[in-house]
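One structure is given here, and the rest of the page talks about it.
Residue numbering restarts at 1 for every chain, and letters A, B, ... go by the order of the sequence lines.
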Amino acid sequence: MATIPETPSLAGLEAKWAERWHDQRSYRFDRSKSREAIYAIDTPPPTISGSLHLGTAFGYIQVDAIARFQRMCGREVFYPMGWDDNGLPTERRVQNHYGVRCDPTVPYDPDLVVTEVAKGDKAQRPISRPNFIDLCQRLTSEFEEAFEQQWRTMGLSVDWDLTYATINERSRRVSQLAFLRNLRRGEAYAAEGPTMWDVDFQTAVAQAEFEDREVNGAFHRLAFPAVAGGPPVEIETTRPELLVSCVALVTHPDDDRYKHLVGTMVITPLFGVEVPVHAHPLAEPDKGTGVAMICTFGDTTDVVWWRQLGLPLRSVIQRDGRFQAETPAWLTGAGTDAYAELAGKTSQQARRAIAELLRESGALIGEPRPTKQQVKFFEKGDRPLEIVTSRQWYIRNGARDDKLRADLLAAGRELDWHPDYMRVRYEHWVEGLNTDWLISRQRYFGVPFPVWYKIADSGDISWDEVITAEDASLPVDPQADAPPGYDESQRGKPGGFTGDPDIMDTWATSSLTPQITSGWIDDPDLHARIYPFDLRPQGPEIIRTWLFSTLLRAHLEDGVLPWKHATINGWILDPDRKKMSKSKDNVLTPMPLVEEFGSDGLRHWACRAAPGTDTAADRAQMRVGRRLAVKVLNASKFVLGLGSEPGTTADVTEPVDRAMLAQLADVVDDATEAFRNYEYHRALERAETFFWKFCDDYVELVKVRAYHGGDEGRSAAAALSIALSVLLRLFAPVLPFVTEEVWSWWQEGSVHRAQWPASSEFADAISDADPAVLDVAGAVLGEVRKAKSAQKRSQRHEVTLLRVQDEPKRLAVLQLAETDLRHAGVVTELVFAEGSEQQVLVDLAPDAPVPA
RNA sequence: GGGUGCAUAGCUCAGCGGUAGAGCACUCGCCUUACAAGCGAGGGGUCACUGGUUCGAACCCAGUUGCGCCCACCA
């Protein structure tokens, strides 16, 4: 047992205890426990970057408080930590960090040397795919170490032997096996079709990764001559450059203005292509002229029309976002000349060019009218998404399967959400799904699809002849490994094979975090002990991605819910209540705040916020936490400095002491109930309010008696030490450092492995206790303090006469605390008088003569 | 446009049927043998607005306004 320092301090507590917890494996998961005795958390793997964001820390600290509570309740907590190092963010970071880019045609260079490049240096040298992946792994492992250090400093009670990375071998194996099983059951499939495409990253993008942004556009009004003569048909478009891809016009079937046109042919301006006019209910009479141009493809509605009306495919935009160089086959004559002006241009460039051509030709009616429009972007992208035709892998998600959709909605209702209203976001997402989940990405750093394709004797790839990897061989890299029954010499040869070039979307891996961490494939014993998990904590913005996709994979694989509870944390706002974001340059990182307020101060701030509630990054609130931690140190020093050995409940005989413990019993019951319901903030609030009252009123009342010893003094000392033990444990989940420090002064072992307090521990010290004693005495003491303050006297100033008038019943209660009240108020004479209402009269002694 | 959450002291937030709360900030005091990085006291609020339910509403219901977020919206 350590000695109590003369002046206790928070300085150095993080370093001291984080190291000791690590060395002693304080939070090691004991896998010998049975399922009922285990609490399993499906920890979110934070995206690896240079430093943690304060918002990330905010959410993880709340989860840690829950984990610590469950551990103290006697459950073995399975609390892993993952690193999301998979996918695009890492690729982009490697590109910028080392000034390289992946070029699969470059051969592997085993001696490649790269160095960090200066910021803003945009030059990127091409390197091979294996070299590129090496760099991704090198960079992420550096960041992982830094992250772990920061988390430990903030006191996360993670078992650091249970870390995982979304790109490591186990994750690749689990991802590939789950995919193959989806494929066998018909839940995964490949399809060729129009796909939302990012022209910069040159990859397909899934519905969940779209976001709308407002951009400046312009309506161009165009005239289409009718083949049969008569007035031309006018349309409005914001994408005139797609005129070359126009395959039809469309109008609403009930629009009387245009009914006569349906079934007729018109001619595209400039390009001279004859296209039909169709009727379709998705055409909106009040948009533009009421007649829309259908192109392959300008937007998702075009895709619907194209499918339902059986229109031809006339795409010209390539995967790099540029108009193809060759003149499209459907153009002749003047159309060929017009196209020459567009070939090789980007959409933006083509738009300007075509507007000029249209103006010259007279097909443009009036000038383009500027407008603001909402356009779909890849959330990480810089240019609008285009729609290109490509072959992609999908997993069924209920978008086109009513039974599956209904099952997933039912699963969402079965899950316990904290707060409950977050469930609605999930339901809306599932109800609004309109495409299956696109899981393939045309990128490099990620989990490859474990499939190959046969190459026909003609040399053509037979995309329908899929060769799948054997389960036991996983993980495989089809770019490096030959499929079963083939050898490497047959790669790319007629009669041979070719590997699938794509990788899986990062969510296709992270949707399997429960399977990855639980040992689904390679550790069935562990899997049985922790799966399904108890808790999935996460942010609100990834309900539609991570939460939904995890639930989907578990449903498809096992037909079960992967966890019982989901907690959704709130956002961190800057002090002006604006959402923090990098673009606003108002992002705070946690470590400087830890420096200033201590980890306990930061944790206190995070745990004062209700689950799911957006919270301002308020330094004043963190200072409050720091103050509380300091107070815990000092109050503990006082209690433990009373000298005697810790008292027992039998020593607590005085009414004031019993009243305090009776009130504490209620606090313990309430805090326990709150924590069980994931309301860590209520538990903290209850404990904290009690603690300050305990310090200000109870300790002040009994201090002198405790010093004096005897039976009465022993009663106070015992009550104080019982209360301290309980309070330290109540605070332990939120203030792990200061509580552990104090615990180490007088107890064996860690407070974080101590039993969560129960009021039954001191039940025999509070039987027949009247909790009002403390309140009544505290109120009178308050009157004494007020009188001294009003007369600008020290609180140690003598009260020559204290006269309390009150109802007999309250007087009787007050008399139980008479001696303590005399000591605390420095009262010489105390008089009680019965009366109908409370009146307190305080006579202060005249100022003492100044000693000569 | 649909959904959802929020609106309580100058600020940040608890409270969610039973006499309006905390911290910060502000004012005035106090070296008081746990703590001056402390302690005591004080001022400060039609609980957004309008109706309703109730003996009683900050709290429940309906509507209104403002703010945030999610989804839809590319002619």
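Comparing A:S9 and A:P285 along RNA chain B, the residue whose closest nucleotide (by nearest heavy atom) sits nearer the 5' end is A:S9. Mapping A:K786 and A:S636 onto RNA chain B by nearest heavy atom places A:S636 at the nucleotide closer to the 5' end.
For the P atoms, the distance from B:rC59 to B:rU8 is 13 Å, rounded to whole Å. Spacing of P atoms, B:rA25 relative to B:rG40, comes out at 15 Å, to the nearest Å. For B:rA7 and B:rC16, the C1' atoms lie 14 Å apart once the distance is rounded to whole Å. A distance of about 10 Å separates the C1' atoms of B:rC47 and B:rA9, rounded to the whole Å. Here the separation of B:rC31 from B:rC24, taken at their C1' atoms, is 25 Å to the nearest Å. Taking atom C1' on both B:rC49 and B:rA58, the two are 14 Å apart, rounded to the nearest angstrom. The gap from the C1' atom of B:rA72 to that of B:rG63 amounts to 25 Å, rounded to the nearest Å. For the C1' atoms, the distance linking B:rG15 with B:rG21 amounts to 7 Å, nearest Å.
Within the shown strands, nothing qualifies as a pairing partner of B:rG17 under the Watson-Crick or G-U definition with both distances less than 3.5 Å. The pairing partner recorded for B:rC39 is B:rG29, the criterion being a Watson-Crick or G-U wobble arrangement whose two distances lie under 3.5 angstrom. Pairing for B:rA22 is with B:rU12, a Watson-Crick or G-U wobble pair whose two hydrogen-bonding atom distances lie under 3.5 Å. The partner of B:rC69 is B:rG3, by the rule that a Watson-Crick or G-U pair needs both atom distances under 3.5 Å. When Watson-Crick and G-U wobble pairs are counted only if both distances are under 3.5 Å, B:rC49 pairs with B:rG63.
Checked against B:rU4, B:rC35, B:rU32, the side chain of A:N634 finds its nearest nucleotide in B:rC35. Nearest nucleotide to the A:W429 side chain, out of B:rC35, B:rC71, B:rG15: B:rC71. In this structure, of B:rC24, B:rU32, B:rA14, it is B:rC24 that holds the atom nearest to the side chain of A:R627. Residue A:W571 has its side chain nearest to B:rC69 when only B:rG5, B:rC74, B:rC69 are considered. Minimum atom distance to the side chain of A:S794 is reached by B:rU32, of the listed B:rG40, B:rG3, B:rU32. For A:V624, the listed nucleotide lying nearest its side chain is B:rC24; candidates were B:rC24, B:rU12, B:rC74. When each of B:rC73, B:rG15, B:rC28 is scored by its nearest atom to the side-chain atoms of A:R682, the top-ranked nucleotide is B:rG15. Checked against B:rG40, B:rU32, B:rC69, the side chain of A:R425 finds its nearest nucleotide in B:rC69. With B:rA14, B:rC73, B:rG40 as the candidates, the nucleotide lying closest to the side chain of A:K376 is B:rC73. Relative to the side chain of A:Q621, the nucleotides B:rC74, B:rA14, B:rU12 differ in distance, and B:rU12 lies closest.
Going from atom CG of A:L628 over to atom P of B:rG38 covers 12 Å, rounded to whole Å. One atom, CZ of A:R686, and another, P of B:rA22, lie 15 Å apart when rounded to the nearest Å. B:rC35 atom C1' lies 14 Å from atom CG of A:L640, rounded to whole Å. When rounded to the nearest whole Å, the span between CZ of A:R544 and P of B:rG3 equals 20 Å. Taking atom CE of residue A:M422 and atom C1' of nucleotide B:rC70, one finds them 10 Å apart after rounding to whole Å. Atoms CH2 (A:W692) and P (B:rG40) sit 9 Å apart, rounded to a whole Å. One atom, CZ of A:R623, and another, C1' of B:rC11, lie 13 Å apart when rounded to the nearest Å. Residue A:R785 contributes atom CZ, which lies 11 Å from atom P of B:rG42 at whole-angstrom precision.
A:V250 comes within 4.0 angstrom of nothing in the nucleic acid, heavy atoms only. Residue contacts shown for A:Q791 are absent, as no nucleic acid heavy atom lies under 4.0 Å away. Among the heavy atoms of the strands lying under 4.0 Å from A:L282 is at least one base atom, whether or not backbone atoms are also near. Here A:D696 lies in heavy-atom contact (under 4.0 Å) with sugar-phosphate atoms only. Among the heavy atoms of the strands lying under 4.0 Å from A:T613 are primed sugar atoms or P, OP1, OP2 only; no base atom is included. At a threshold of 4.0 angstrom between heavy atoms, the contacts of A:K792 are confined to the sugar-phosphate backbone, with no base atom among them. When heavy atoms are screened at a 4.0 angstrom cut-off, A:K788 is found touching no nucleic acid atom at all. Heavy atoms of A:A620 sit under 4.0 angstrom from primed sugar atoms or phosphate atoms, though from no base atom. No contact: A:R608 has no heavy atom under 4.0 Å from any strand. Within the 4.0 angstrom heavy-atom criterion, no nucleotide atom of any strand lies near A:E541. At the heavy-atom level, A:A283 lies under 4.0 Å from base atoms of the strands shown.
A tilted orientation is assigned to the rings of A:Y426 and A:W417, their planes being inclined by 30° to 60°. In this structure, A:W746 and A:W743 have perpendicular ring planes: the angle between them is above 60°, well past the 30° mark.
Side-chain atoms of A:R626 and base atoms of B:rA37 include a donor and an acceptor less than 3.5 Å apart. Judged by distance alone with a 3.5 Å cut-off, a donor-acceptor contact links the side chain of A:K631 to the base of B:rC35.
A cation-pi arrangement, defined by a distance under 6.0 Å to the six-membered ring centre and an angle within 45 degrees of its axis, is absent between A:R626 and A:F597. With A:W692 as the aromatic partner, A:R627 meets the cation-pi criteria of under 6.0 angstrom to the ring centre and within 45 degrees of the ring axis.
Remark: A:R822 CZ to A:L802 CG distance equals 9.0 Å, nearest 0.5 Å. Distance check: A:D670 CG to A:T689 OG1 gives 11.0 Å after rounding to the nearest 0.5 Å.
No hydrogens or angles considered: a donor-acceptor pair under 3.5 Å links the side chains of A:H280 and A:Q308.
Between the side chain of A:T251 and the main chain of A:V291, no donor-acceptor pair closer than 3.5 Å is present.
Side-chain contact between A:V734 and A:F731 is absent, with no heavy-atom pair separated by less than 4.5 Å.
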